[in-house]
Amino acid sequence: MFSLDVNIQLNMTSHVPGGSDNLGRYLQPDDVDSYDSLTLGDDDITSCVRDCVAGEARVCYYHFVFEEYQVLNTACGNCPDNITDCFLPHCVTANGYPRAILTANRQIPGPGIQVCLRDRIVVDVTNAMPDRETTVHWHGIFMRGQPYMDGVPYVTQCSILEGQTFRYDFYANNAGTFLWHSHDGFQKMDGLAGNLVVRLAKSLDPNSHLYDYDLPSHVILIVDWYYMQFGNDVPGFQAHDRTQGADSFLIGGRGRNKKSSKGKKSPLSVYRVSRGKRYRFRIIGGLCSEFPIRIKFEGHKMLLIATDGNPVKPLMVDTVVLEAGMRVDVVLDASQLVSSYWIRVQGLAHCAFLDVQQLAVLQYEGTTEAEPSTLPIKLPYLPQNKVFIPHGNHNHPFHLHGYSFALIEMGVLKNGSTMESVVEELKTRNFSQSKFPPLLDTIGIPNQGYAVIRFKADNPGKCQE
């Protein structure tokens, strides 16, 4: 066990990361998101990927190098014609369409961070991107008592300039499913994002009896993806592509595209299960565009148990809809025939008209099918007013740093109404009360609309919305 009584200091340096302060011995591997067990590091007291024990805390050190890179780079050999080459170190396949990208440690997604509640997380971020500055936001972490580690440029810190290394040093003081991402310009949309999971001891998780396994490899990061660096596509073109709707999606950093021959053969992400077991899947909407997505495991229902890192009263669903920054935790009962099944991600609203979608594979142990033998089932069209408030063209994602909140009301301003008149009308209403209100930190506010949220302002510091 490691003491939590440690002074945390800002550190913009040119030092060797993890060097003189002996943090190097706590360096975590870059591939924890591929682990199929929480017990792989049980014999290593420095491993942060583990079964959590109440009251135990460890030091978890990471070193991220941000740099410019390429999809299907020279590290990929003959990928995808030789499919095994696609899994070589530092080979980034994305959706199989060659383009310039930004990476952390030459991988997409960037290295995952999977720790336990109260662990100390130390991340040295080295900016090796020419003529770019950057910061990192730890989306969903409250940073209670440590607002200067939140990663918002010119609000909580100065940007990390080319050639500099900045040390983020904070405690995982709230549990749940989160993500980290660059908070500078469009860098997140070009590849600078990764998983961030803070687990509880099972004895402290009110829904732990509903699942058998919570595996590191069952964290699914979904991002919107484009055929060019996103900064070149803003604010759109006159003759075509006038909106910022995604060209594609990546599921766990992989996917396929219809635009190139190599893209049709690019490998998909595979999530493995054993029949008769129940698995917790942590699904992260690492999106940036204004259009939500729908996720479905074909042949399976999902039991929703958490939203934005907060436990909820379990609810059985067929699909889930996520907007930028939202996360859900679901339990999948692997009770179907031993086979492979499609995992579908479908873009909604404008993206639905363009048929923007992506696939991954749910694979049962013992199947001989690498992928399902049948074509994906076409999901029914979801009317826009089932996703957006009527009369709204596009939602705008709203994320509150440092807090979770209860959503009290959401709507669209009517003709002649103002926010002042809406507030006065709300004061006259009697709201129903719940002992277990679902808590969020991210919502989609409808165009020309509003949302009323409630939270207790008990986390001092400069926060960003």
Side-chain angles (χ1 to χ4, degrees), residues 137 139-145 147 150 152 155-156 173-178 206-207 285 287-294 304-317 320-329 348-349 382-465:
H137 173 54
H139 188 105
I141 298 293
F142 291 160
M143 295 295 174
R144 191 172 298 278
D150 196 46
V152 182
V155 176
T156 63
N173 50 26
N174 57 302
T177 301
F178 313 112
N207 289 323
L287 312 166
C288 276
S289 68
E290 56 205 3
F291 306 111
I293 57 172
R294 176 166 53 170
L304 178 70
I305 63 169
T307 58
D308 288 355
N310 301 287
V312 297
K313 184 177 180 179
L315 176 68
M316 190 67 72
V317 297
V320 294
V321 174
L322 295 180
E323 299 210 45
M326 293 180 176
R327 295 92 60 206
V328 293
D329 292 30
L348 298 178
L382 195 61
Q384 183 162 320
N385 63 4
K386 296 296 185 182
V387 182
F388 301 120
I389 301 298
H391 313 300
N393 292 325
H394 305 304
N395 281 11
H396 181 76
F398 171 91
H399 168 58
L400 183 63
H401 292 215
Y403 296 93
S404 290
F405 55 79
L407 178 62
I408 306 299
E409 174 80 0
M410 180 181 288
V412 173
L413 294 174
K414 301 175 183 177
N415 291 335
S417 64
T418 65
M419 278 308 305
E420 289 74 17
S421 63
V422 168
V423 170
E424 291 302 316
E425 192 272 333
L426 291 175
K427 288 180 179 179
T428 66
R429 294 169 50 185
N430 292 320
F431 290 97
S432 61
Q433 295 186 358
S434 171
K435 294 182 179 179
F436 305 102
L439 297 177
L440 307 164
D441 61 42
T442 307
I443 54 175
I445 300 179
N447 183 42
Q448 301 182 6
Y450 63 90
V452 180
I453 64 174
R454 176 179 290 167
F455 66 98
K456 185 176 181 180
D458 59 356
N459 189 7
K462 293 183 178 180
C463 296
Q464 171 89 359
E465 57 81 16

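Worth saying up front: this structure is predicted, and the values here are computed from it rather than measured. As a basis for the values below, the full set of heavy atoms in this structure was taken, side chains included, without hydrogen atoms, waters or symmetry mates.
- For the residue pair Pro311 and Pro206, the shortest heavy atom distance occurs at CB-CG, 3.8 Å.
- Closest approach of Asp441 to Gly140, counting heavy atoms only: OD2-CA, 3.7 Å.
- To the nearest 0.5 angstrom, Leu407 atom CG is 11.5 Å from Arg454 atom CZ.
- Between Phe405 and Leu439 there is no side-chain heavy-atom pair separated by less than 4.5 Å.
- Nearest heavy-atom pair across Leu440 and Asn310 is N-ND2, 4.1 Å.
- Residues Met326 and Leu287 fail the side-chain proximity criterion, which asks for heavy atoms closer than 4.5 Å.
- The two residues Ile453 and Phe398 come nearest to each other via the heavy atoms CD1-CE2, 4.0 Å.
- Taken to the nearest 0.5 Å, the CG atom of Asn447 stands 10.0 Å off from the CG atom of Leu413.
- Remark: Asn173 CG to Asn459 CG distance equals 8.0 Å, nearest 0.5 Å.
- A donor-acceptor contact shorter than 3.5 Å links the side chain of Arg144 to the backbone of Asp458.
- The closest donor-acceptor contact from the side chain of Thr156 to the backbone of Val152 lies under 3.5 Å.
- The distance from atom CE of Met143 to atom CG of Asn174, rounded to the nearest 0.5 Å, is 9.0 Å.
- What you find for Tyr403 and Lys456 is that their closest heavy atoms are CE2-O, 3.2 Å.
- The two residues Gly309 and Arg327 have their closest heavy-atom pair at N-NH2, 4.3 Å.
- Asp308 places none of its side-chain heavy atoms less than 4.5 Å from the side chain of Ser404.
- With no hydrogens or angles considered, a side-chain donor-acceptor pair links Asp329 and Thr177 at under 3.5 Å.
- Distance CD1/Ile443 to CE/Met410: 4.0 Å, rounded to 0.5 Å.
- The aromatic rings of His137 and His139 sit perpendicular, their planes meeting at an angle over 60°, well past the 30° parallel limit.
- Note that CZ of Phe142 and NE2 of His401 are 12.5 Å apart. Values are rounded to the nearest 0.5 Å.
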